[in-house]
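Taking it in order: structure first as structure tokens, then the write-up.
What you see below is based on every heavy atom in this structure, not just the backbone, and it leaves out hydrogens, waters and symmetry mates.
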Amino acid sequence: MLKLKSIVLGELQNNCYLVTDDESGKSLLVDCTEASEKMLDFIGSARLEYILLTHGHFDHIGGVGEIRKKYGAKVVISREDEGMLSSGKRSLAVFCGGVHNNAEADITVGDGDVLPFGSEEIRVISTPGHTKGGLCYIIGDFLFTGDTLFCCDCGRTDFPGGSFEEMKKSLARLASLEKNYTVYPGHDEFSTLDFEKENNPYMK
């Protein structure tokens, strides 16, 4: 059984998620805005195996280096966005007044890759549009959509590497999933995939 808890951190009100597999006792973090005391309290004594990054913008990766070092977790990101971990320009930090702390990836993934996670598995879906290397992750009944799919909305496509045409294709791909996953986005409120198919104008 999977357990999930969330926290909102940073000036851009990012959602970060801690998922724990009860059977193995292993945990993972989805996106890592900062390495603050709030984040450390949120993670606590979890046996952190992975830090899954949905993409490489500064507000999703700010705490990666420190949390990786403290917990020994493996950092997972797309091959296309990997370079954003070590570039304040590519992460947009220098343009948006954000903080960029260099980090590095342990595992780069692409569409269709699967990572083991205790008694479960992590399925990787490539969803470019917000960035070239945007990813969504499916774990059990959970769908982590980063800045691709929001409740009744989608991510911006006007940043470098963004593409509205790619975003539409990515959203159509998510809409093709048959299961009614719980949608956990990078910002704002949670949703369900069936609700988004019915009500999100960008998924029509």
Side-chain angles (χ1 to χ4, degrees), residues 1-21 28-33 42 51-61 76-78 80-81 92 96 98 109-115 117 120-204:
M1 181 179 178
L2 294 173
K3 289 184 178 178
L4 179 145
K5 64 177 184 175
S6 65
I7 191 171
V8 178
L9 294 170
E11 292 184 5
L12 300 183
Q13 298 288 283
N14 289 71
N15 294 325
C16 299
Y17 304 97
L18 186 72
V19 180
T20 300
D21 171 47
L28 60 81
L29 186 68
V30 181
D31 287 336
C32 188
T33 298
F42 175 66
I51 302 171
L52 304 181
L53 300 176
T54 58
H55 62 291
H57 284 157
F58 72 93
D59 54 318
H60 293 257
I61 67 170
V76 180
I77 195 169
S78 69
E80 294 85 354
D81 280 12
L92 302 186
C96 300
V109 292
D111 190 59
D113 286 345
V114 177
L115 298 174
F117 176 57
E120 301 282 343
E121 64 180 21
I122 303 161
R123 293 168 51 200
V124 180
I125 304 175
S126 176
T127 53
H130 184 64
T131 67
K132 283 290 185 185
L135 299 175
C136 293
Y137 298 98
I138 293 176
I139 310 168
D141 294 329
F142 306 152
L143 174 60
F144 298 97
T145 58
D147 287 5
T148 297
L149 174 62
F150 298 132
C151 182
C152 293
D153 204 352
C154 68
R156 292 176 60 170
T157 59
D158 57 335
F159 293 128
S163 166
F164 187 60
E165 290 304 312
E166 287 190 324
M167 177 65 79
K168 287 193 295 184
K169 292 177 183 177
S170 293
L171 292 171
R173 185 165 185 203
L174 294 180
S176 72
L177 298 174
E178 295 183 359
K179 192 171 183 178
N180 185 27
Y181 294 100
T182 304
V183 174
Y184 294 104
H187 304 269
D188 302 324
E189 61 189 287
F190 311 154
S191 187
T192 67
L193 193 55
D194 280 357
F195 180 86
E196 295 308 310
K197 290 178 185 179
E198 185 69 27
N199 296 282
N200 192 321
Y202 296 101
M203 296 192 84
K204 299 294 186 182

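- Between Leu193 and Asn180 the shortest heavy-atom distance is N-OD1, 3.4 Å.
- Taking all atoms of both residues into account, the shortest heavy-atom contact from Cys16 to Thr33 is SG-OG1, 3.4 Å.
- Nearest heavy-atom pair across Thr145 and Leu149 is OG1-O, 2.7 Å.
- Of all the heavy atoms in Phe190 and Asn15, the pair that sits closest is CE2-ND2, 4.3 Å.
- Of the inter-residue distances, the one linking Cys136 atom SG with Leu52 atom CG reads 12.0 Å to the nearest 0.5 angstrom.
- For CZ of Phe142, the number of neighbouring non-hydrogen atoms (other residues, nucleotides, ligands) closer than 6.0 Å is greater than 12.
- A side-chain contact (heavy atoms from CB on, under 4.5 Å) with Thr54 is found for exactly one of Asp81, Thr131, Asp31, namely Asp31.
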Less than 3.5 Å apart, which donor and acceptor atoms pair up between the side chains of residues 2-13 and the rest of the protein, not counting sequence neighbours?
| residue | atom | partner | partner atom | Å |
| --- | --- | --- | --- | --- |
| Lys5 | NZ | Phe42 | O | 2.8 |
| Gln13 | NE2 | Gly10 | O | 3.2 |

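- Here OG1 of Thr182 is found 9.0 Å from CG of Leu143. Values are rounded to the nearest 0.5 Å.
- The CD1 atom of Ile139 lies 10.5 Å from the CD atom of Glu121; values are rounded to the nearest 0.5 Å.
- Shown here are the side chain to side chain contact (heavy atoms under 4.5 Å, CB included) partners of Asp111, two or more places apart in sequence or in another chain: Ile125, Ser126, Arg173.
- Checking side-chain atoms of Tyr17 against main-chain N and O of Pro185 turns up a donor-acceptor pair under 3.5 Å.
- Residue pairs meeting the salt bridge (Lys or Arg N to Asp or Glu O under 4.0 Å) criterion with at least one partner in residues 186-204, sequence neighbours excluded, do not occur; the list is empty.
- Residues passing the side chain to side chain contact (heavy atoms under 4.5 Å, CB included) test with Phe195 are Cys151, Cys152, Ser191, Thr192, Asn199, sequence neighbours excluded.
- Shortest non-hydrogen contact noted between Gly98 and Phe58 is CA-CE1, 3.6 Å.
- With sequence neighbours left out, Asp147 forms a side chain to side chain contact (heavy atoms under 4.5 Å, CB included) with His55, His60, His130, Phe150, His187.
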Let me check something: any side-chain donor-acceptor pairs from residues 154-164 under 3.5 Å, sequence neighbours excluded? List them with distances.
| residue | atom | partner | partner atom | Å |
| --- | --- | --- | --- | --- |
| Arg156 | NE | Asp158 | OD1 | 3.0 |
| Arg156 | NH2 | Asp158 | OD1 | 3.4 |
| Arg156 | NH2 | Asp158 | OD2 | 2.8 |
| Ser163 | OG | Glu165 | N | 3.4 |
| Ser163 | OG | Glu166 | N | 3.1 |

Val76 vs Leu28, side-chain contact (heavy atoms from CB on, under 4.5 Å): CA-CA, chis, key distance, verdict | CA-CA 11 Å; Val76 180; Leu28 60 81; over 6 Å; no
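- The shortest non-hydrogen separation linking Thr148 to Ser170 is CG2-CB, 4.4 Å.
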